[in-house]
Student: 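Would you mind keeping the following structure in view while I ask a few things?
Note that ligands are numbered from 1 as they come in the structure, with each ligand's atoms numbered from 1 the same way. Just so we're clear, the structure is a prediction, and the values are computed from it rather than from any experiment.
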Amino acid sequence: MTTYIPKVYTFANNIHDISNAVADHIIKLQNAFFFDNMSPEDVHSMSREDKLNYIEENKYITKRKNSVSSVNSWSGSSLQSQKRNSISAMPSSNVNPDNSDTNSSPTNSTKQKLNKVKKIFKVGISGGSLLDILQHGLLPRQEDIIWSKWEIFLLDERLVPFQDRESNYGNSKRKIFSLIDTEKYGKPKVYHIDESLIYEGAQACAENYEMCLINKFASKETVKWPCFDLILLGVAPDGHIGSLFPNRKELREASKWVIPITDSPVGVKERVSLTIPVICNASHISFVVEGSMKQPIMEKIMEMPELSLPSSLVNEGALKKVSWFVDEDAIRGVNVIKRAYEF
Ligand SMILES: O=C1O[C@H](COP(=O)(O)O)[C@@H](O)[C@H](O)[C@H]1O
């Protein structure tokens with residue numbers, strides 16, 4: 001059994017119920033992020049314009065300069081500190097100025113410099129069936145979504161042109177981002193691998209995408225791991241998440257944020273993926289799993305954590321930060337406490 005009783009929300013076998021709940025969950029987290037000292041009822045009663053004004057007036061988080069992110073439930077190795085050093089050594093020209101402004105006035109007590117960092121809701125998404133859930137759930141709820149304050153990062157990618165049906169970014173664009181009414185609801189920034197690098201191989205794509213993440217997350221501080229506000233994940237029938245496959249050395253990666261995969265056991269061979277410690281360091285991690293094909297793997301994840309499947313490593317490594325949204329077919333006969341989702 002898992003060491004912690006996971007939060008497992010279960011749904012009837014139809015895409016609408018689970019999609020609506022996933023969308024509601026995401027919007028609640030968005031609201032808690034931007035309107036942290038307001039009640040959900042107060043947020044609900046605000047017009048879209050009032051919400052945008054409020055966010056504009058409260059658009060900075062103040063962080064201590066050169067502080068190391070302390071939120072990390074992943075027990076890493078000394079390689080992590082080597083990584084930190086390499087990031088902190090980056091020239092400031094590599095820092096995206098769009099996402100951070102410096103306030104160099106010291107506090108009276110500490111004389112430490114403070115950074116003013118723009119409040120942006122940072123979300124990681126995988127590809128696959130999750131994209132259909134997000135399409136069904138999020139597009140009808142756009143009145144409640146402040147897209148212009150979101151940054152969305154593809155969690156993994158297959159090295160194919162974006163127009164290919166195997167491309168996670170291509171599919172996310174076709175199914176979600178190209179369908180947003182941007183005039184009315186604004187536009188999220190979506191980050192993905194650089195398509196022009198795919199013929200140079202997975203290593204080049206991974207290094208380039210990692211730099212993109214460092215620029216967006218490390219800002220002018222030194223951070224051990226990026227801290228996503230939310231990561232949304234599907235789980236494949238073999239238990240892989242993102243492009244992290246069971247029983248592979250990539251699961252032990254304890255330094256890099258993004259890794260290349262050159263010999264994927266299924267589908268497109270060359271891929272890139274965010275790593276397990278990056279996923280575990282997110283503030284919230286939500287898995288979305290549907291269909292009877294996924295029932296055997298759900299049984300293994302919930303009842304046999306010792307198999308150390310990629311999904312189990314996150315479920316066990318991030319504990320209270322994890323939620324599961326699962327339909328009846330996928331969870332049938334699995335020994336878990338099932339919860340009803342409250343809207
Ligand atoms: O290969 C991949 O598969 C997983 C799971 O996909 P699903 O369709 O079974 O939910 C997906 O999350 C990942 O992004 C993708 O590259």
Student: When you measure from atom 12 (O) of ligand 1 to every protein heavy atom, which one gives the shortest distance, and what is it?
Tutor: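 The protein heavy atom lying closest is S126 OG, 3.3 Å.
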Student: Can you tell which of M293, E157, E166, H240 gets a heavy atom nearest to atom 2 (C) of ligand 1?
Tutor: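 It is H240 whose heavy atom sits nearest to atom 2 (C) of ligand 1.
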Student: Which atoms of ligand 1 are found less than 4.0 Å from any heavy atom of K294?
Tutor: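 Taking each heavy atom of K294 in turn, ligand 1 has 7 (P), 9 (O), 10 (O) under 4.0 Å.
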Student: Using heavy atoms and a 4.0 Å limit, tell me yes or no: is L155 in contact with ligand 1?
Tutor: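 No; L155 lies far enough from ligand 1 that no heavy-atom distance drops under 4.0 Å.
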Student: Checking E157 side chain against V272 main chain: does a donor-acceptor pair fall under 3.5 Å?
Tutor: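 No.
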Student: Check this for me - ligand 1, G128, N or O atoms closer than 3.5 angstrom, yes or no?
Tutor: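 No - when backbone and side-chain N and O of G128 are compared with those of ligand 1, no distance drops under 3.5 Å.
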Student: Indicate if L139 and V190 have the same hydrophobic cluster label, given that clusters are the connected sets of ILVMFWY residues with side-chain heavy-atom separations under 4.5 angstrom.
Tutor: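 Yes, because L139 and V190 connect within a single hydrophobic cluster, where side-chain heavy atoms sit under 4.5 Å apart.
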Student: Would you please classify the geometry between the F33 ring and the F121 ring as parallel, tilted or perpendicular, with 30° and 60° separating the classes?
Tutor: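 Tilted.
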Student: For K187, does the NZ atom have more than 12 heavy-atom neighbours from other residues, nucleotides or ligands under 6.0 Å away?
Tutor: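 Not buried by this count: 12 neighbours or fewer within 6.0 Å.
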Student: Please work out whether any backbone atom (N, CA, C, O) or any side-chain heavy atom from C-beta onward of R158 is under 4.0 Å from ligand 1, and answer side chain, backbone, both or neither.
Tutor: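 Only the side chain of R158 comes within reach of ligand 1.
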Student: For Y54, which residues count as a ring pair (Phe, Tyr, Trp, His ring centres under 6.0 Å) partner, sequence neighbours excluded?
Tutor: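 Ring pair (Phe, Tyr, Trp, His ring centres under 6.0 Å) check on Y54 returns F35.
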Student: Heavy atom under 4.0 Å from ligand 1: found in N168's side chain, backbone, both, or neither?
Tutor: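 Under 4.0 Å from ligand 1, N168 contributes side-chain atoms alone.
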Student: Considering A236, G234, S129, which one's heavy-atom position lies nearest to atom 10 (O) of ligand 1?
Tutor: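 The option holding the nearest heavy atom is S129.
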Student: Which residue pairs pass the side-chain hydrogen bond (donor to acceptor under 3.5 Å, both in side chains) test when at least one of the two sits in residues 286-308, sequence neighbours left out?
Tutor: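 Residue pairs passing side-chain hydrogen bond (donor to acceptor under 3.5 Å, both in side chains), neighbours aside: H25-S286.
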Student: G242: heavy atom below 4.0 Å from ligand 1, yes or no?
Tutor: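 Flag set, G242 near ligand 1.
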